[in-house]
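Chain identifiers are assigned alphabetically (A, B, ...) following the order of the sequence lines, protein sequences preceding nucleic acid strands; residue numbering begins at 1 within each chain.
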Number of protein chains: 2
Amino acid sequence: MRLLLIEDDIALGEGIHQALGREGYTVDWLQDGSSALHSLLSETFDLAVLDLGLPRMDGLEVLRRLRDSGSNLPVLILTARDATEDRIAGLDAGADDYLIKPFDLAELKARLRALLRRSAGRAHALIEHAGISLNPGTQQVSYQGEPVALTPKEYQLLHELLSPPGRVMTRDHLMQLLYGWNEEAESNTLEVHIHHLRKKFSSDLIRTVRGVGYLVEERR
Amino acid sequence: MRLLLIEDDIALGEGIHQALGREGYTVDWLQDGSSALHSLLSETFDLAVLDLGLPRMDGLEVLRRLRDSGSNLPVLILTARDATEDRIAGLDAGADDYLIKPFDLAELKARLRALLRRSAGRAHALIEHAGISLNPGTQQVSYQGEPVALTPKEYQLLHELLSPPGRVMTRDHLMQLLYGWNEEAESNTLEVHIHHLRKKFSSDLIRTVRGVGYLVEERR
DNA sequence: CGCCACCTTCAGACTTCGTTAAGAATTGCC
DNA sequence: GGCAATTCTTAACGAAGTCTGAAGGTGGCG
């Protein structure tokens, strides 16, 4: 799950960033509205957490433009306690949920989970492919009826490769999924994870497309 | 993918040049605005990375003249942290994205990818010709329904020859596509790659135009 | 008929990817 | 708050794939 956090308060941002990172999300953090909008329009995220009071471009403006561009990305907004109008305006502008500062990190996590569940609900259901069954709700995976234990990174990779299968996922795309732009690991971690997946399933499940990336064949 | 980097700071330029080279781009690097503009107008690139503070001709000026000439080449500009006006002026002058120094190389890579994706998006779609179907998104190619494995260079060549077919691509043009002007291969590599393509498809797919270059016939 | 451009082939250099294993980092548990 | 277990990263090396440069062959064109 890749998530964009837009928050200009350094202390708060740091806190959220860490907390969500520990939850297993890949979190990218920006501190102004204009670059946030840029990223939202050009990269792929699963969710955005958006503070409304931002320099350079107001959060509301970001949200409005995002929706104008046709995106239905789940967005949770953060507002100050007394800014009731902002909240309403936020929902009007297309936010999916809001939270009033100061808030409890646990509540933020809960709401994100709920949001993701809801948005996944649009296209939920088990993913079944090549003997693998993957349950996005519980993150449980089985192979030919037997449960398989996957680590978080393995799960993320497999999930990405299987939804939908048949498409080549570039190395870049996968690296970004796992690491955002924090620090791209300058080693071969991707290959190592792929290797582990192949070992846990079948060695020909994931095909290498040399110089490009990996794919799971559509029909097998 | 051929890319022009215009950056006068040697250390930074070196860093970017290497990093992008390692990403598989063909990178040409110039250090002043006037030669940059010249190259941009006379050669073909897929993208330009343009520092705004340059000797001999300001980056903004380069950008403006480039746009005046009718080019819609994707351009990413680099600006100093506090030069807000420059940034705005840059976007006004037709930049597609910007990055504030100092920046993270990973983020630069991500933004370039996004830009290229966006610009490719303008004319995406499968390319179908003479039984060949080529998917620019995934770099997958098939011939008469069967997938064909192409190496990166083969793919680049085929893609160039097919978009659109019917035009003679000069040897010079193709060589530049593959190698930029860094190190022109002093051998017959082009012929070798063409040979491989003919072997993987049909030997009369690519016609030789003696003394000029190669072409794929328009209708077959 | 001879020159020149291009074709074909191939071996060695070079890159990229797979595989391991060990140590670092993180997490969970008491 | 410290220990144990899991997970992730790094690095080294080997395997496989790709590119290059060179040599010799073929065919068009004057």
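- Going from atom NE2 of His196(A) over to atom P of dC17(C) covers 18 Å, rounded to whole Å.
- Looking only at distances, a side-chain donor or acceptor of Asp96(A) sits under 3.5 Å from a matching main-chain atom of Val75(A).
- For dC17(C), the OP1/OP2 oxygens have no side-chain nitrogen or oxygen of His195(A) closer than 4.0 Å.
- Counting only heavy atoms from C-beta on, Glu191(A) has its side chain closest to dT19(C) among dC7(C), dT19(C), dC19(D).
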task: Mind running side chain to side chain donor-acceptor pair (under 3.5 Å) on Glu43(B) and Gln176(B) for me, showing each step along the way?
output: CA-CA 9 Å; Glu43(B) 321 243 337; Gln176(B) 224 163 263; 2.5 Å; yes
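- Distances shorter than 4.0 Å separate some side-chain N or O of Arg171(A) from OP1 or OP2 on dC17(C).
- Nucleotide dG18(C) holds its C1' atom 8 Å from the CZ atom of Arg198(A), rounded to whole Å.
- Remark: the backbone N or O of Thr151(B) is not paired with any side-chain donor or acceptor of Arg210(A) at under 3.5 angstrom.
- Arg2(A) places a side-chain N or O within donor-acceptor distance of the main-chain N or O of Thr44(A), the cut-off being under 3.5 Å.
- Proximity note for Val192(B) (side chain, C-beta onward) versus dT10(D), dC7(C), dG21(D): the nearest is dG21(D).
- Distance from the side chain of Tyr179(B) is smallest to dT20(D) among dT20(D), dT20(C), dC7(C).
- For the pair Leu197(B) CG and dT8(C) P, the interatomic distance rounds to 12 Å; values are reported in whole Å.
- To the nearest angstrom, C1' of dG18(C) lies 11 Å from NZ of Lys199(A).
- In terms of phosphate contacts, Thr208(A) brings no side-chain nitrogen or oxygen within less than 4.0 Å of OP1 or OP2 of dT16(C).
- Regarding Arg207(A), its CZ atom lies at a distance of 14 Å from the C1' atom of dG17(D), rounded to whole Å.
- Distances from the side chain of Thr189(A) to the nucleotides dC6(C), dG18(C), dT10(D) place dT10(D) closest.
- We find that Arg171(B) and Glu191(B) are joined by a salt bridge, their nearest charged nitrogen and carboxylate oxygen being less than 4.0 Å apart.
- Considering only the side chain of Arg210(B), dC6(C) comes nearest among dC7(C), dC6(C), dG21(D).
- By the ring-ring contact (aromatic ring centres under 6.0 Å, His included) test, Tyr214(B) is found to be paired with no residue, residues two or more places apart in sequence or in another chain being considered.
- What separates NZ of Lys200(A) from P of dG18(C) is a distance of 17 Å, to the nearest Å.
- Residues satisfying the salt bridge (charged side-chain N to carboxylate O under 4.0 Å, His left out) criterion with Glu160(A), sequence neighbours excluded, are absent altogether.
- The separation between Leu190(A) atom CG and dC8(D) atom C1' is 13 Å, rounded to whole Å.
- Remark: C1' of dT16(C) and CD1 of Ile194(A) are 15 Å apart, rounded to the nearest angstrom.
- For the segment residues 146-155 of chain A, residues with any heavy atom less than 4.0 angstrom from an atom of DNA chain D are, sorted by number, Thr151(A), Pro152(A), Lys153(A).
- Put simply, the side chain of Asn188(A) and the base of dT20(C) share no donor and acceptor less than 3.5 Å apart.
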